[in-house]
Amino acid sequence: MKVILFGATGMVGQGVLQECLRSGEVEGVLSIVRRASRQQHPKLREIVHQDFSDFFEIEGELSGYDACFFCLGVSSLGMKEADYRRVTYDFAVSAARTLARLNPNMTFIYVSGSGTDSSGHGATMWARVNGQTENAIFQLPFKTAYAFRPAYIQPMDGIVPRTAWLRAVYAVVAPLYPVWKRLFPNYVTTTAQVGRAMIHVAREGTPQRVLENRDINAIGGGEG
């Protein structure tokens, strides 16, 4: 299986990339980034592309892939809706439209979050925009498309959030992960479980289009 990955420098994307590079089911990964990561691996190829609203310049590199894992995302904290929509809806849908045209047999997996509003009309801004994004992707002519909605994600294997304020938050809350996992197993997952679940769903499929946190854990197996 050949995979295109968006968001490989973020916390979720780092975990998904690690699992792809470990997996014997993944032949190669094309990572689309805005800043070079300088990470090297025999299975990894990286393209630096600045404008995520238009992929015309690199379309020639995007054909012949079986799956796309779209892990690019930002926190809505302090953002106006127009700005959040641009980096959430516009970037994801632009990538998805391009890939659906070039790879009609592709499986596309979009990471939103627990609490996403499927109606796309709710009062909470981030949930509404993510719901609209999911719905737009579901309408495209992929072989299949799925939405992953993790809740709390515990970074594994040395992964750290990219932004300073998130690193500070995780420094406080991460030690509580064992307690949360015991008390609220359906609301916590790990970067490794998300990555393994994506690979499995891309290869084998699953009946539901929207996978909540408990579904991700069931498919992704143990936490490590």
Side-chain angles (χ1 to χ4, degrees), residues 1-49 52 55 57-73 91-113 133-134 137-138 140-150 153 155-157 159 162 189-206 208-211 215-217 219-221:
M1 180 170 66
K2 296 175 65 178
V3 172
I4 294 178
L5 174 63
F6 287 84
T9 59
M11 189 183 78
V12 175
Q14 288 179 61
V16 172
L17 178 58
Q18 282 188 358
E19 295 305 316
C20 286
L21 298 181
R22 289 170 177 162
S23 174
E25 297 178 332
V26 177
E27 172 187 343
V29 179
L30 175 62
S31 176
I32 311 297
V33 295
R34 285 175 288 184
R35 291 185 298 275
S37 71
R38 296 184 174 84
Q39 183 170 353
Q40 295 185 351
H41 189 280
K43 287 165 59 170
L44 176 64
R45 187 162 72 93
E46 187 174 89
I47 293 178
V48 177
H49 180 70
F52 275 28
F55 294 93
E57 290 183 357
I58 62 170
E59 279 192 5
E61 307 290 335
L62 303 180
S63 296
Y65 286 85
D66 305 295
C68 175
F69 301 153
F70 197 93
C71 306
L72 180 69
F91 287 179
V93 174
S94 176
R97 285 173 176 162
T98 300
L99 293 175
R101 175 165 48 83
L102 298 173
N103 302 279
N105 290 321
M106 171 178 275
T107 295
F108 191 100
I109 299 179
Y110 171 71
V111 180
S112 54
T133 307
E134 289 180 354
I137 290 169
F138 289 159
L140 294 173
F142 288 111
K143 180 177 115 176
T144 49
Y146 301 96
F148 272 41
R149 294 181 178 179
I153 303 173
M156 306 293 284
D157 301 316
I159 292 172
R162 185 175 57 186
T189 189
T190 69
T191 49
Q193 286 173 300
V194 173
R196 289 196 299 265
M198 281 193 174
I199 293 168
H200 179 88
V201 169
R203 282 188 58 83
E204 305 296 334
T206 187
Q208 65 268 47
R209 266 189 153 176
V210 175
L211 288 91
D215 305 313
I216 294 168
N217 287 346
I219 295 171

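- The shortest side-chain heavy-atom distance between Thr133 and Ser112 does not fall under the 4.5 Å cut-off.
- With rounding to the nearest 0.5 Å, the separation of CG in Asp66 from CD in Glu27 is 8.0 Å.
- Atom NZ of Lys143 sits about 12.0 Å away from atom CG of Asn103, to the nearest 0.5 Å.
- Looking only at side-chain heavy atoms (C-beta outward), Phe148 and Val201 come within less than 4.5 Å of each other.
- Atoms CE and CD1, from Met198 and Ile216 in turn, are 7.5 Å apart once rounded to the nearest 0.5 Å.
- Formation of a donor-acceptor pair under 3.5 Å by the Thr191 side chain with backbone atoms of Met156 is found in this model.
- Of all non-hydrogen atoms in Met106 and Cys68, the two that sit nearest each other are SD-CB, 3.7 Å.
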Derivation and outcome, side chain to side chain contact (heavy atoms under 4.5 Å, CB included), residues Leu30 and Lys2:
CA-CA 8 Å; Leu30 175 62; Lys2 296 175 65 178; over 6 Å; no
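- Gln14 contributes atom CD, which lies 10.5 Å from atom CG of Leu5 (distance to the nearest 0.5 angstrom).
- For Gln208, the side-chain contact (heavy atoms from CB on, under 4.5 Å) criterion is met by Thr206, Leu211, Asp215, not counting sequence neighbours.
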Apply side chain to side chain contact (heavy atoms under 4.5 Å, CB included) to residues Leu72 and Arg34 and explain how you reach the verdict.
CA-CA 11 Å; Leu72 180 69; Arg34 285 175 288 184; 3.8 Å; yes
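- Between the side chains of Glu46 and Ser37, a donor-acceptor pair is found at a separation under 3.5 Å.
- In this structure, the separation between CD on Glu61 and CD on Glu59 is 11.0 Å, given to the nearest 0.5 Å.
- Proximity of Leu44 to Leu17: side-chain heavy atoms (C-beta onward) are separated by under 4.5 Å at one or more points.
- Aromatic ring pairs are classed by plane angle as parallel below 30°, tilted from 30° to 60° and perpendicular above 60°; the pair Phe52 and His49 is parallel.
- For the pairing with Phe70, the ring pair (Phe, Tyr, Trp, His ring centres under 6.0 Å) check across Phe6, Phe91, Tyr146 returns one residue only, Phe6.
- Pairing each heavy atom of Lys43 with each of Ser23, the nearest pair is NZ-O, 2.7 Å.
- Nearest heavy-atom pair across Arg35 and Thr9 is O-CG2, 4.5 Å.
- Considering all non-hydrogen atoms of both residues, Leu140 and Ala96 come closest at CD1-CB, 3.5 Å.
- Taking both residues in full, the closest heavy atoms of Met1 and Ala202 are given as SD-CB, 3.7 Å, listed atom of the first, atom of the second, then distance.
- Here the shortest heavy-atom pairing between Phe69 and Val16 reads CD1-CG1, 3.6 Å.
- To the nearest 0.5 Å, atoms CG (Leu99) and CZ (Phe55) are separated by 7.5 Å.
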